[in-house]
Amino acid sequence: MSRARDLRAEFRTEAATAFSFLVEEWGFTHPETTEDLLFSGPELLFRAPGLDVGVKLYDGREPQVVTSLAVVGTDGVRGRWAELDELYVAAGCGPAQDVPGRAPNRRSTLKRLDQHATALRRLMSLRPAPELGRLIIRSTTLRREQQ
């Protein structure tokens, strides 16, 4: 088995563990694993009514861990989304540096998972899911206006 496949398998296991609080404390589903062939990395997707949380490993030339949150309509369709670092700052939880993405090696990849889980736990403790949905919409609206 190649190192990349080993890291992908370890990423799935460690991400499920680091973000298990979503299932245990917030009522999200157990994670679904997807493979995005375009970027060649796995994603774990946690779902709850009105909100999806995705944790993704981009393991290409510039590896990084990205956590995103998406608003989900009552029809189950994913709408607007924002990355965790953007929401973390917008909610006043701290600087974007608390949610780094760059992960050039195995050790930093696993460290990023813990950092993202800690940041998400903090964000969710300060902002309930409906308020997070509004924050996502507001952040994407501001992002579009700035472009």
Side-chain angles (χ1 to χ4, degrees), residues 4-5 7-104 108-147:
R5 287 189 184 155
L7 179 59
R8 290 179 198 156
E10 191 171 8
F11 174 85
R12 287 188 286 270
T13 301
E14 294 298 322
T17 300
F19 288 84
S20 64
F21 71 92
L22 290 172
V23 176
E24 296 163 2
E25 299 171 23
W26 294 93
F28 281 73
T29 62
H30 287 278
E32 301 170 23
T33 302
T34 63
E35 294 287 336
D36 186 342
L37 299 177
L38 179 62
F39 296 105
S40 72
E43 177 180 27
L44 270 69
L45 186 62
F46 298 84
R47 297 177 182 270
L51 187 66
D52 282 357
V53 174
V55 184
K56 177 117 178 124
L57 171 64
Y58 291 98
D59 60 354
R61 267 194 138 157
E62 296 181 23
Q64 61 179 326
V65 173
V66 176
T67 301
S68 60
L69 288 79
V71 175
V72 179
T74 54
D75 57 0
V77 175
R78 290 178 83 180
R80 295 186 184 188
W81 62 273
E83 290 182 1
L84 177 58
D85 60 340
E86 180 182 350
L87 296 173
Y88 190 80
V89 171
C93 294
Q97 292 85 348
D98 288 352
V99 192
R102 192 169 171 275
S108 61
T109 298
L110 301 179
K111 183 177 180 179
R112 297 299 173 255
L113 287 172
D114 287 336
Q115 290 169 312
H116 285 222
T118 299
L120 182 59
R121 184 186 294 268
R122 177 164 185 187
L123 176 65
M124 292 185 73
S125 71
L126 297 174
R127 307 283 178 153
E131 195 174 327
L132 276 176
R134 289 190 293 276
L135 185 62
I136 292 167
I137 291 168
R138 190 171 64 231
S139 292
T140 56
T141 301
L142 288 173
R143 189 181 333 127
R144 288 178 182 169
E145 289 174 358
Q146 293 172 351
Q147 292 177 350

Tell me the closest heavy-atom pair linking Trp81 and Ser68, and the distance in Å.
CE3-CB, 4.2 Å
How would you list, by chain and number, every residue that makes a side-chain contact (heavy atoms from CB on, under 4.5 Å) with [X], sequence neighbours excluded?
{"X": "Pro104", "result": "Arg102, Ser108"}
{"X": "Asp52", "result": "Leu45, Arg47, Ala70, Val72, Arg78"}
{"X": "Ala48", "result": "Phe28"}
{"X": "Val89", "result": "Ala96"}

Working to the nearest 0.5 Å, report the span between [atom1] of [X] and [atom2] of [Y].
{"X": "Phe19", "Y": "Leu44", "atom1": "CZ", "atom2": "CG", "answer": "9.0 Å"}
{"X": "Arg8", "Y": "Thr33", "atom1": "CZ", "atom2": "OG1", "answer": "13.0 Å"}
{"X": "Phe46", "Y": "Thr29", "atom1": "CZ", "atom2": "OG1", "answer": "8.0 Å"}
{"X": "Asp59", "Y": "Leu7", "atom1": "CG", "atom2": "CG", "answer": "7.0 Å"}
{"X": "Leu84", "Y": "Leu120", "atom1": "CG", "atom2": "CG", "answer": "5.5 Å"}

Residue pairs involving residues 62-73 (criterion salt bridge (Lys or Arg N to Asp or Glu O under 4.0 Å); sequence neighbours excluded):
none
So side chain to side chain donor-acceptor pair (under 3.5 Å) across residues 124-134, not counting sequence neighbours, yields Arg127-Glu131
Is there any side chain to side chain donor-acceptor pair (under 3.5 Å) pair reaching into residues 111-122, and which pairs are they, with sequence neighbours excluded?
Glu25-Arg121, Thr67-His116, Arg112-Gln115
